[in-house]
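The structure displayed is predicted, hence computed values, not measured ones. Below, chains carry the letters A, B, ... as their sequence lines are ordered, and counting in each starts from 1. Scope of the values below: all heavy atoms of this structure, side chains included, with no hydrogens, waters or symmetry mates.
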Amino acid sequence: MDTPNLSDKTEKKPLNFLEEIIENDLKTGKYKSILTRFPPEPNGYLHIGHAKSICLNFGLAQKYGGKTNLRFDDTNPVKEDVEYVNSIKEDIQWLGFQWAAEYYASDYFEQLYDWAVLLIKKDLAYVDDQTLEEIRQNRGTVTEPGKDSPFRNRSVEENLDLFARMRAGEFKEGDKILRAKIDMAHSNMHMRDPILYRIIHAEHHRTGDKWCIYPMYDYAHGQSDSLENITHSICTLEFDVHRPLYDWFIEKLEIFPSHQYEFARLNLTHTVMSKRKLLQLVKENHVNSWDDPRMPTISGFRRRGYTPESIRNFCDTIGVAKRDNVIDYSLLEFSLREHLNKVALRRMAVLNPLKVVITNYPDNQTEELDAVNNPEDPNAGERKVSFGKEIYIEQDDFMENPPKKYFRLAPGQEVRLRYAYFITCQEVIKDEKGNIIELRCTYDPASRGGNSPDGRKVKGTIHWVSAKHAVKAEARLFDKLFNGINPEEVEEGKTFLDNINPDSLQIQECLLEPALAEAKVMDKFQFERLGYFCADYDFTAEKPVFNRTCTLKDSWSKEQKESEAIK
RNA sequence: UGUCCGAUGGUGUAGUGGUAGCACAGCAGAUUUUGGUUCUGUUAGCCCAGGUUCGAACCCUGGUCGGAUAACCA
């Protein structure tokens with residue numbers, strides 16, 4: 001697929017606050033070049049919110065000639081898995097980015113341990129025997145200071161001994177932890193002797209059973225940044241209150257001073273964005289998989305038919321700032337359509353077929369008509385489509401009693417069959433229940449290709465497939481997974497699951513022009529007047545399966561709905 | 001209730017003491033062999049109150065509202 005250059009429109013964009021910081025750091029010589037990192041925990045699949053972070057971290061590095069590391073924040077073995085590691089790598093690459101180096105926080109466990117020993121020796125860390133509950137109690141509240149642990153003043157020697165024995169596996173989970181010795185009365189709760197290490201007797205997906213003590217996020221993250229000489233450590237807003245601690249470790253350990261900057265995470269209307277909830281949707285089978293096309297995961301969007309370009313452009317368009325935001329889903333779709341419109345080949349397919357017999361067309365005749373592959377791209381060329389006496393059109397394209405300004409087919413009304421002929425509806429055939437089952441039309445042989453030599457105009461052009469040549473296929477039509485702009489906003493006693501849209505997936509048979517049977521998995525098309533579709537992973541030539549990525553903008557049906565609403 | 005962060009059209013995002021701009025969405029029109037695309041026009045905004053200043057979205061003070069934060073998660 002061609003990838004038009006979408007970057008030209010970003011050239012003159014004003015700087016965001018991160019770019020300002022970086023340009024200043026470069027200008028003042030604080031850094032010669034920048035190094036960012038994308039640090040996911042491998043405990044789930046990446047979602048569109050991560051895409052924002054990826055585009056930011058990799059994009060910033062690209063823009064300023066720096067590099068970006070991929071680092072898995074794998075400090076909690078019970079939640080993590082290699083399945084997630086692999087999916088994360090695939091998603092980043094699919095988005096179009098390549099990391100300079102691949103690291104794991106677990107690579108640093110030995111170094112982190114040594115630094116913990118150093119902190120103990122400096123009397124800046126101690127082993128605490130309090131229970132989880134006691135620790136919670138003694139932490140105080142936002143208005144009251146906490147209380148020092150009775151174990152806070154253990155000797156350096158005792159702490160060293162205890163910590164070594166923690167590592168050696170002498171204690172049960174919860175028996176002991178290592179804490180930093182800072183200030184139990186600090187106004188920032190994160191500075192009230194934060195926990196550095198806890199005991200977890202679990203198999204780690206990389207280090208196996210080598211360790212039974214694991215560093216906490218706060219103790220691991222900044223030091224990992226520092227070890228890699230990360231210059232700009234970019235994370236979301238909720239880590240803002242962690243920054244003093246991030247800086248504290250760097251200062252006490254006297255290591256490379258990485259700096260943390262926070263931005264507002266992405267929120268999308270009609271979507272949930274927490275890994276916990278997405279995991280729940282998968283585990284409880286509300287969707288079929290992490291890459292279900294209705295999921296806001298990167299793999300879900302990929303399977304749905306989104307292009308990496310459209311997602312990157314979206315991330316670029318929404319900008320980055322520090323205020324909370326909720327992005328309108330339509331902006332994502334705009335970005336998608338903008339790209340697909342340029343690159344997707346046009347094809348004809350009928351979702352809800354209505355048979356049309358052209359009474360004055362020769363019985364056994366078949367014609368090959370020329371059709372443009374993409375009016376937006378002359379290089380896309382043309383194709384032939386077969387035409388015959390019997391065709392199918394869309395049920396929506398005929399009305400027996402049409403309203404005003406209905407440009408499509410109606411009794412006595414003439415329309416253009418795209419790339420074919422003008423036809424006029426002469427007769428409506430119904431079954432015994434009164435359902436319209438067939439139309440009898442006449443065609444104007446002089447209008448071959450879609451133009452009449454007498455210059456007469458028709459207002460409507462509709463798509464069609466030849467009955468004799470059409471290929472049956474499965475169409476998967478998606479709607480929003482959730483009702484309501486914010487699915488997390490629920491009444492008492494309800495959960496976001498109560499906002500699930502029961503009609504988010506509709507599977508139906510459809511008819512395709514034959515060229516579509518030759519598609520390859522993930523090929524993207526515009527089915528004219530219907531929307532953008534992409535060949536699903538389940539697609540085979542024998543049984544084509546297409547996902548509707550999104551509909552086309554449709555000012556007609558919108559107008560219709562409004563006028564119906566008035567009635 | 002402490003600390004921290006934030007507040008510009010419906011939604012995002014610029015503007016850093018001198019005419020509030022851009023995108024999406026909306027609306028209206030033109031073009032169109034997709035009721036698509038494209039093009040044109042248009043509706044709509046500085047949280048409030050004081051202060052500094054010739055001049056404030058921007059600086060100061062005080063409020064208000066929203067968010068984060070009190071896991072042995074990240």
Side-chain angles (χ1 to χ4, degrees), chain A residues 9 13-16 20 39-41 43 73-76 78-80 105 128 130-132 135-136 139-146 173-179 186-192 195-200 214 216-218 220-221 235-244 262 264 269 275-276 317-335 337-338 341-342 346 348 371-372 375-376 405-408 415-420 422 449-451 457-463 485 526-531 551-560:
Chain A
K9 65 169 97 167
K13 273 185 81 170
L15 300 182
N16 63 50
E20 274 176 14
E41 183 187 14
N43 66 343
D73 231 331
D74 55 350
T75 56
N76 186 357
V78 299
K79 287 190 175 178
E80 298 152 6
D128 195 345
Q130 292 182 104
T131 63
L132 201 155
I135 288 175
R136 194 173 292 160
R139 186 151 31 219
T141 67
V142 287
T143 47
E144 303 161 41
E173 291 186 13
D175 279 359
K176 287 182 166 43
I177 54 164
L178 185 73
R179 304 181 75 173
H186 201 108
S187 60
N188 181 338
M189 302 292 287
H190 294 274
M191 297 297 271
R192 318 243 267 222
I195 294 166
L196 271 35
Y197 274 92
R198 76 286 212 196
I199 297 168
I200 304 177
Y214 290 91
M216 297 286 289
Y217 165 86
D218 281 311
H221 201 96
C235 62
T236 45
L237 247 28
E238 66 269 27
F239 291 101
D240 182 297
V241 286
H242 295 246
R243 181 153 30 89
E262 309 86 18
T269 58
K275 274 191 193 171
R276 207 201 94 240
T317 305
I318 59 177
V320 54
K322 295 194 75 155
R323 65 185 97 103
D324 297 324
N325 61 82
V326 185
I327 310 285
D328 211 300
Y329 203 91
S330 63
L331 187 58
L332 217 205
E333 293 195 323
F334 167 79
S335 203
R337 293 191 182 110
E338 182 184 44
N341 178 50
K342 292 194 183 101
R346 271 55 170 179
M348 290 200 286
V372 178
E376 304 294 317
K405 293 200 291 181
Y406 184 79
F407 303 149
R408 287 111 97 147
V415 291
R416 174 188 294 113
L417 292 176
R418 177 137 237 225
Y419 299 124
F422 288 5
N451 284 306
K457 299 267 187 259
V458 290
K459 198 77 170 136
T461 301
I462 64 176
H463 60 276
I485 289 179
Q526 184 195 105
F527 290 4
E528 295 218 28
R529 304 208 305 136
L530 294 177
T551 60
L552 259 28
K553 271 176 65 175
D554 184 358
S555 51
W556 167 246
S557 70
K558 190 186 294 172
E559 196 176 303
Q560 283 305 100

Between A:Arg139 and A:Trp556, which is nearer to the 5' end of RNA chain B once each is assigned its nearest nucleotide?
A:Trp556
For atom P, what is the distance between B:A49 and B:U38, given to the nearest Å?
42 Å
Classify the side chain of A:Glu376 and the base of B:G36 as holding, or not holding, a donor-acceptor pair under 3.5 Å.
yes
Find the distance A:Arg276:CZ to B:A74:C1' and express it as a whole number of Å.
14 Å
Remember a base hit wins even if backbone is also touched, and classify A:Pro39 as base, sugar-phosphate or nothing at under 4.0 Å, heavy atoms.
nothing
Classify the nucleic acid contact of A:Lys275 as base, sugar-phosphate or nothing, counting any heavy atom under 4.0 Å across all strands shown.
nothing
For A:Arg323 and B:A14, is the shortest distance between a side-chain N/O and OP1 or OP2 below 4.0 Å?
yes
What is the distance, to the nearest angstrom, from the CG atom on A:Asn16 to the P atom on B:G12?
17 Å
Length of the CD-C1' vector between A:Glu41 and B:A74, whole Å:
5 Å
Is any side-chain heavy atom of A:Met216 closer than 4.5 Å to one of A:Tyr197?
no
In whole Å, I'd like the distance from the CZ atom of A:Phe239 to the P atom of B:C4.
20 Å
B:C5 versus B:G18 - spacing of their C1' atoms, nearest Å:
30 Å
Watson-Crick or G-U wobble partner for B:A28, using a 3.5 Å limit on both distances?
B:U40
Please work out if A:Thr75 contacts a base, only the sugar-phosphate, or nothing of the nucleic acid, heavy-atom cut-off 4.0 Å.
sugar-phosphate
Nearest-angstrom distance, P atom, B:G55 to B:U40
40 Å
For the pair made of CG in A:Leu132 and P in B:C72, what is the distance, rounded to whole Å?
5 Å
B:G18 - base-pair partner by Watson-Crick or wobble geometry, distances under 3.5 Å
B:C54
Shortest side-chain distance from A:Val241, nucleotide among B:C24, B:C73, B:U69
B:U69
Any side-chain heavy atom of A:Glu41 sitting closer than 4.5 Å to one from A:Asn76?
yes
Would you please confirm or rule out a distance under 4.0 Å between OP1 or OP2 of B:U34 and any side-chain N or O of A:Arg416?
no
Taking donor-acceptor contacts at under 3.5 Å, does the side chain of A:Arg408 reach the base of B:G35?
yes
Return yes if the base of B:A68 and the side-chain atoms of A:His190 contain a donor-acceptor N/O pair under 3.5 Å, otherwise no.
no
Check whether the side chain of A:Glu144 and the base of B:U1 form a donor-acceptor pair under 3.5 Å.
no
B:G51 and B:G9, which share atom name P, separated by this distance in whole Å
25 Å
If B:G9 has a Watson-Crick or G-U wobble mate with both distances under 3.5 Å, name it; if not, just say none.
none
Separation of the C1' atoms in B:G21 and B:A14, to the nearest angstrom
7 Å
In whole Å, measure the gap between the P atoms of B:C73 and B:A7 for me.
34 Å
Heavy-atom pair of closest approach, residues A:His242 and A:Asp218:
ND1-OD1, 2.7 Å
Check the distance between B:U8's P and A:Asp324's CG and give it to me in whole angstrom.
11 Å
Span that lies between the C1' atom of B:C39 and that of B:A57, in whole angstrom:
33 Å
Run the numbers on A:Glu333 and A:Thr551 for side chain to side chain contact (heavy atoms under 4.5 Å, CB included), then give the verdict.
CA-CA 9 Å; A:Glu333 293 195 323; A:Thr551 60; 5.9 Å; no
Rounding to the closest angstrom, what is the interatomic distance between B:U61 and B:U52 at atom P?
15 Å
Which residue, A:Ile327 or A:Arg346, contacts RNA chain B at a nucleotide closer to its 5' end, judged by nearest heavy atom?
A:Ile327
May I have the distance from A:Met348 (atom CE) to B:G36 (atom C1'), rounded to whole angstrom?
15 Å
Rounded to whole angstrom units, what separation is found between the CG atom of A:Asp240 and the P atom of B:G6?
8 Å
Within the structure shown, what part of the strands sits under 4.0 Å from A:Tyr214 by heavy-atom distance: base, sugar-phosphate, or nothing?
nothing
Before accepting this row, confirm whether a basic side-chain N of the pair A:Glu262/A:Lys322 lies closer than 4.0 Å to the acidic partner's carboxylate O.
yes
For residues A:Glu173 and A:Ile200, determine if any side-chain heavy atom of one lies less than 4.5 Å from a side-chain heavy atom of the other.
yes
Classified by glycosidic angle (syn within 90° of 0, else anti), B:A71 comes out syn
Within the pair A:Arg243 and B:C4, is there a side-chain N or O less than 4.0 Å away from OP1 or OP2?
no
